[in-house]
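Below is one structure, written out as structure tokens, with a few remarks after it.
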4 protein chains.
Amino acid sequence: MDFENNKSIYLQIAESIRERVVGGVYPAGEKIPSVRELAAEMGVNPNTIMRTYTELQTMEIIDNKRGIGYFVKPEAPQLIMEGKRKNFFEKIFPEFIRQAGLLGITASQLKTRIDQLHQVKK
Amino acid sequence: MDFENNKSIYLQIAESIRERVVGGVYPAGEKIPSVRELAAEMGVNPNTIMRTYTELQTMEIIDNKRGIGYFVKPEAPQLIMEGKRKNFFEKIFPEFIRQAGLLGITASQLKTRIDQLHQVKK
Amino acid sequence: MDFENNKSIYLQIAESIRERVVGGVYPAGEKIPSVRELAAEMGVNPNTIMRTYTELQTMEIIDNKRGIGYFVKPEAPQLIMEGKRKNFFEKIFPEFIRQAGLLGITASQLKTRIDQLHQVKK
Amino acid sequence: MDFENNKSIYLQIAESIRERVVGGVYPAGEKIPSVRELAAEMGVNPNTIMRTYTELQTMEIIDNKRGIGYFVKPEAPQLIMEGKRKNFFEKIFPEFIRQAGLLGITASQLKTRIDQLHQVKK
DNA sequence: GTGGTCTAGACCACC
DNA sequence: GTGGTCTAGACCACA
């Protein structure tokens, strides 16, 4: 795995774990890789993974069973999706519109573009 | 002036100067405030402004005349706009679409939303 | 380390690092000393080294891995040599010839001199 | 007149005056332009010219007749040429050779180049 | 441990 | 007056 350099690695990893959770790679209720395993997979210092897991724990995405490992909390997938939704409509979308406005891009131009790359289904 | 906490002050100032340039507050070819002046206005250390100016100089936004001060380069406004435009279409827009896709937001939903907040003109 | 007085310390250090890179002291791809280490070695303030490293980074000579340190970019040695070569043929050489011309020094005189100090191999 | 930005303007002007002296534009013994005249011609602050003249005065290139102006000293042309000659053989030439050596440029390559741009007469 | 940012204050060369 | 460099020292986020 390679990382962008302007975001902290532990947050990039946290994001990728969240995507694995919503994508079903790490199913709700199941154990996720140990700190050392994931560190090896990612080619990263275990401390960094530790930090990621702590972060995800305070976000209530995973929890820890002592001596056993970390597990995806049952409600995690919904929680993640909600979070993303909220972030999208409260931050990303308005910022997107603001930037478009600054550049003098009109609504109809935007809509045309959206239709063009219909990565989003009608 | 007060600053957000997750971006470095000198970069926030750089951004605000770029906006002043495109907004015509600092017209192309004209002198911008001296390091010390701006430091006073912003309530920061002159070194911080120095860093901002150095940054803007390597970006070819401003230019130095020895012993006189920094000046907006003639091409600066276009250069800034181009940069923003590029960033928008290559980074912000695709990421926006990707996120929308992940959330299962349809194109028509997006378009409706855009019409709602018509901060962007038809 | 002691420095000449008419060039800034941070640039002199940058130059010496470039020479260490082309000389193989800091091999391509390898880590260079940490900011604090080098500051100690050179007897200067860490900020000064920081400035050097920032400069070298914008020149694409070195590269940063978060929390680990700075590394010589793989292409650095060639890049440095190319830069020197370009500088030589576009700046130093013509200026040299111009000065010789002003002094009325003939080509054959120059060639004689070159042979004399055959620091340059035949 | 436009200036390079990494050398002080007053020294660049001093150099251009020296060239005018050896070129006969300002003949030995004659008056040179007043501070204000030259400042106007060069598009520069009179203080800067003042500094240039002071510099040239300490180098014994020009001298000052109070209330009248600055004059080229009779021996100036020879003195300038000597200075250039010395500088050339003690500084420029050895540095030139050193750089060529670092780049692995051989003596014969240099000589070929010199013949090519025979701005220097045979 | 690593770099990154910021402040305060100094000194200098230059216009 | 202008910028440019340097130091000392602090604090922070990150690996």
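The shown structure was predicted, so the numbers you read here are calculated from the model rather than taken from an experiment. Basis for what follows: all heavy atoms, side chains included, without hydrogens, waters or symmetry-related copies.
- Once rounded to the nearest 0.5 Å, the distance linking CD1 of B:I92 with CD of A:Q99 reads 3.5 Å.
- The separation between A:Q12 atom CD and F:dC14 atom C1' is 12 Å, rounded to whole Å.
- Looking at D:T48, its side chain never comes within 3.5 Å of a backbone N or O of D:Y10 through a donor-acceptor pair.
- With a 6.0 Å radius and a threshold of 12 heavy atoms from other residues, nucleotides or ligands, C:K31 has its NZ atom above the threshold.
- Side-chain contact between B:L38 and B:I17 is present, with at least one heavy-atom pair separated by less than 4.5 Å.
- When distances run from any side-chain atom of C:Y70 to the nucleotides E:dC15, F:dT2, E:dG4, the shortest one goes to E:dG4.
- Distance check, rounded to the nearest 0.5 Å: CG of A:N87 to NZ of A:K84 gives 8.5 Å.
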Go through it in stages, so that I can follow the logic: the residues are B:R18 and B:M59, the test is side-chain contact (heavy atoms from CB on, under 4.5 Å), and I'd like the CA-CA distance, side-chain angles, deciding distance and then a yes or no. CA-CA 11 Å; B:R18 263 183 253 113; B:M59 293 178 141; 4.0 Å; yes
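- We find that NZ of B:K31 is positioned 15 Å from P of E:dC15, with the value rounded to whole Å.
- No side-chain heavy atom of A:Y26 sits less than 4.5 Å from a side-chain heavy atom of A:I62.
- Atom pair C:R66:CZ and E:dG1:C1' shows a separation of 15 Å (rounding to whole Å applied).
- Within the structure, every side-chain polar atom (N or O) of A:S8 is placed at least 4.0 Å from both OP1 and OP2 of F:dA13.
- In the set E:dC15, F:dT2, E:dG4, E:dC15 carries the atom at the smallest distance from any side-chain atom of D:I9.
- For A:L11 and B:I68, each mapped to the nucleotide of DNA chain F holding its nearest heavy atom, the one lying further toward the 5' end belongs to B:I68.
- If you take CG of B:L56 and C1' of F:dG3, they are 15 Å apart, rounded to a whole angstrom.
- Both C:P33 and B:G43 lie near DNA chain E, and the one whose nearest nucleotide falls closer to the 5' end is C:P33.
- Applying the salt bridge (Lys or Arg N to Asp or Glu O under 4.0 Å) test to every pair with at least one member in residues 37-59 of chain A, sequence neighbours left out, gives these pairs: A:R20-A:E41.
- Atom NZ in B:K7 sits roughly 16 Å away from atom C1' in E:dG4 (whole-Å rounding).
- C:Y10 has no side-chain polar atom (N or O) that falls below the 4.0 Å cut-off from OP1 or OP2 of F:dT7.
- Under 4.0 Å is where a charged nitrogen must lie from a carboxylate oxygen, and between A:E4 and C:R66 no such pair does.
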Name the pairs: protein N/O against N/O of nucleotides 9-12 of chain E, kept only if under 3.5 Å.
unit_1, atom_1, unit_2, atom_2, d
E:dG9, O6, B:N47, ND2, 3.0

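- Atom CD in B:E55 sits about 18 Å away from atom P in F:dG3, given to the nearest Å.
- Between D:R85 and D:E82 there is no salt bridge, since no side-chain nitrogen of the basic residue lies less than 4.0 Å from a carboxylate oxygen of the acidic one.
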A correct dot-bracket answer for DNA chain F, with pairs being Watson-Crick or G-U at under 3.5 Å, [ ] for crossing pairs and | for inter-strand pairs, is ||||||||||||||.
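- Using a 4.0 Å heavy-atom distance criterion, C:Y53 is classed as making no nucleic acid contact.
- Here B:V44 lies in heavy-atom contact (under 4.0 Å) with sugar-phosphate atoms only.
- Nucleotide F:dG3 holds its P atom 13 Å from the CG atom of B:D63, rounded to whole Å.
- Within the structure, a side-chain polar atom (N or O) of A:R51 is placed less than 4.0 Å from OP1 or OP2 of F:dC14.
- As a whole-Å value, the separation of B:F3 CZ from E:dT5 C1' is 13 Å.
- Each of C:Q57 and B:T48 lies near DNA chain E, and the nucleotide nearest C:Q57 is the one positioned closer to the 5' end.
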